[in-house]
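Input: a single structure, listed below in structure tokens.
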Amino acid sequence: MDAIYRITDLTKSYPLPGGGLLKKNRKVFRAVDKVSLEINSGDTFGIVGESGSGKTTLARLLLRLIEPTDGNVYYKGRDVFRLNRSELKKTRKEIQMIFQDPYSSLDPRKSIFNIIAEPLKVHKTGSLSDIHTRIVETLELVDLPTSDDFLSKTPGEISGGQRQRIGIARALVLKPEFVVADEPVSMLDASIKAGIIELMTQLKKKINLTYVFITHELALAYHFCNRIAVMYLGEVVETGNIDDVIQSPAHPYTRLLLDSIPPTEPDPDWLDKRFGKSDFSRNAEGCKFFVRCPNPKDSCLHFRPSLSEIKRGHMVACQLG
Amino acid sequence: MRSELRKIDRFWRVYKKRKSAVAGLIILTVLVTIIVFAPVFSPYDPDAKDAIPFTPPGSEHLLGTNDIGVDILSEMIYAGRVSLIVGITAAGIVVFIGSLIGLFAGFLGGWVDEILMRITDIVIILPRFPLMIVMAAYLGPGVWTIIFAYSIVGWPSLTRQIRSQILSVKEASFIEASRATGAGNIRIMFTHVLPNIQGIIIANGVMEIMFAILTEAGLSFLGLGDPTQKSWGVMLYFAQIQGAFLRGAWWWIFPPGICIALISCSFNYIGTALNDLFGLKLGK
Ligand SMILES: Nc1ncnc2c1ncn2[C@@H]1O[C@H](COP(=O)(O)OP(=O)(O)OP(=O)(O)O)[C@@H](O)[C@H]1O
Ligand SMILES: [Mg+2]
């Protein structure tokens with residue numbers, strides 16, 4: 001198996017609000033923090049984590065929709081951030097994304113036809129009638145009507161479920177090799193959600209692609225993925241084959257997710273009482289999960305664990321594991 | 001097609017609730033109809049100088065005549081053409097320049113934004129009217145001079161507005177989605193960003209027409225217009241230099257003045273309403 005994506009020490013920092021005018025005085029926080037991963041060709045790779053853990057930021061970096069602060073992303077062995085404009089455009093034909101928000105990710109002023117036609121037009125794949133044929137094929141694939149009436153509608157005139165299907169069609173119309181699905185159902189009602197999940201399952205069977213499937217529900221990842229990475233505050237805390245991770249979770253955060261205990265916000269007072277230290281921020285030197293860990297050791301406050309292998313292909317970033 | 005009609009219908013239902021906007025639309029429609037069909041509505045040839053000069057309004061000349069015996073009503077109707085055409089042309093140029101600069105500055109950001117906005121800042125603090133007078137005096141009086149002078153100084157405030165709209169549109173995730181398909185900046189700017197602020201551009205364009213008509217009237221009144229292409233401002237200019245005020249020929253002064261006021265008000269009311277309506281819909 002060869003890696004289609006290799007990610008090394010990938011970091012994306014954003015300035016924290018406030019701070020001085022001088023750049024070097026400004027505090028930053030890392031939305032994605034030294035992430036290293038390999039995604040193999042044919043994988044359905046799950047990225048799981050709660051809101052704000054940096055999943056979307058990581059996806060954006062994979063597609064070079066934003067530039068990293070540090071680290072590299074290799075797609076088929078080539079550094080994505082070193083591609084020139086035309087190489088990047090060619091690469092984007094192969095890698096596509098399904099966006100989290102089916103409402104804002106479709107241009108409200110464009111017809112369904114034009115939305116799905118855009119990737120084809122950008123890459124000049126053929127005549128208008130070729131484009132039409134291709135769009136009809138793709139709409140059939142995602143179980144949407146193919147009538148001219150439907151094609152001329154705007155996103156405002158169709159339902160949320162249909163919108164997300166349009167988003168999926170747009171990602172598939174170029175016949176990509178790699179698709180990132182960023183929480184494709186998180187913003188949909190439960191009733192519609194099931195249909196989209198069913199569709200994604202079918203597509204996975206029908207089209208042989210490499211998928212990255214982002215979700216905050218471990219159960220969904222279990223349903224879809226063969227490998228998985230669990231993210232917490234920008235870091236990958238555990239990664240491995242889905243069965244290994246689900247059956248013998250090694251990181252307390254993974255266990256927390258598995259128990260589906262709703263993760264709570266850390267209680268700062270508790271921390272002060274215990275350690276008499278009030279300046280504990282996300283950027284402190286210790287383990288990021290410390291404040292929420294069910295049974296941390298004192299050393300966890302000063303030592304940040306990095307990923308280490310506990311079993312072949314199963315890695316965890318925890319001293320306790 | 002049907003969806004377009006539905007949109008227009010929905011728009012009209014909100015629009016018609018505003019009394020001032022509806023009044024503006026009615027006044028404008030009446031004025032524009034008269035101006036466009038000038039030959040139908042004007043009782044006399046606006047160039048014929050065969051009536052008795054300074055005739056007060058009466059049954060033969062509804063608004064009287066001027067110093068050389070031209071029927072004021074006819075002259076006024078034809079002058080409306082010049083005022084309107086100059087206003088629309090100047091506003092069109094300003095909207096074009098303003099939208100493009102705002103689009104590039106707002107969307108591209110970085111040093112492009114920095115440079116374009118510094119230029120905008122400079123132009124915006126220039127004293128507009130004196131500068132236009134100087135330019136017009138230097139280039140010689142004329143319609144194109146006025147359009148040119150207005151275009152040079154008129155774009156910055158529009159540019160700033162467009163830019164701020166673009167800053168919010170460019171954060172929408174459909175922009176990112178388009179980039180992910182492989183689309184470049186130019187494509188994204190012209191096929192996604194611009195169409196999504198077209199309402200704001202139209203609303204501002206309508207307001208610009210008002211400013212341009214008022215500016216044209218002002219400059220022409222000062223004698224910087226084209227004496228052979230009479231606009232309402234040029235009419236006022238002649239009224240003033242030919243002693244209409246001294247002779248008490250109010251019928252020569254009031255009609256063009258009222259026309260300027262009416263058309264400005266109607267553009268203003270319509271523009272304000274459009275701005276509010278399109279502002280509400282933004283992002284949906
Ligand atoms: N452009 C930005 N500027 C500043 N902070 C950002 C920016 N983009 C993301 N962030 C921050 O980075 C963190 C991670 O965001 P991200 O969107 O990647 O999370 P996520 O895991 O996708 O969450 P969700 O499940 O809510 O989509 C968040 O705290 C977010 O506020
Ligand atoms: Mg996200």
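Quick note on labels: first sequence line is chain A, next is B, and so on, each numbered from 1.
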With a 4.5 angstrom heavy-atom cut-off, could you sort out which part of [X] is near chain B: side chain, backbone, both or neither?
X	value
A:L174	side chain
A:R64	neither
A:R85	neither
A:L63	side chain
A:K110	side chain

### Query
What distance do A:D79 atom CG and A:E87 atom CD have between them, rounded to the nearest 0.5 Å?
11.0 Å
#### Entry: Most chain A-contacting option - heavy-atom pairs closer than 4.5 Å, from B:A172, B:A183, B:P195
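The option with the most such pairs is B:P195.
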## Note on the structure
In terms of heavy-atom contacts, A:F150 and A:Q162 come closest through CE1-NE2, 3.9 Å
### Query
Would you say the side-chain atoms of A:K12 pair up with the backbone N or O of A:E67, donor to acceptor, closer than 3.5 Å?
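The answer is yes, because a donor-acceptor pair under 3.5 Å joins these two groups.
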### Message
Need one label for B:R187: side chain, backbone, both or neither, based on atoms under 4.5 Å from any heavy atom in chain A.
### Response
side chain
#### Entry: Intermediate values then yes/no, side chain to side chain donor-acceptor pair (under 3.5 Å), A:D130 and A:T133
CA-CA 5 Å; A:D130 293 342; A:T133 320; 5.2 Å; no
### Task
For side chain to side chain donor-acceptor pair (under 3.5 Å), just list the numbers for B:S173 and B:E176, CA-CA rounded to whole Å, side-chain angles, deciding distance to a tenth of an Å, and then say yes or no.
CA-CA 5 Å; B:S173 82; B:E176 188 172 48; 5.7 Å; no
### Message
For a 4.5 angstrom cut-off between non-hydrogen side-chain atoms, does A:L62 reach A:I7?
### Response
yes
#### Entry: Heavy-atom pairs under 4.5 Å with chain B, option from A:R60, A:E118, A:K89 with the top count
A:E118
#### Entry: Which of A:K90, A:M97, A:K93, A:R170 touches chain B most, by non-hydrogen pairs under 4.5 Å
A:R170
### Task
Please report the C-alpha distance between A:Q100 and A:T56 in whole Å, then the side-chain angles of each, then the deciding distance to 0.1 Å, and finally whether the side chain to side chain donor-acceptor pair (under 3.5 Å) criterion is met.
CA-CA 8 Å; A:Q100 188 163 2; A:T56 300; 3.2 Å; yes
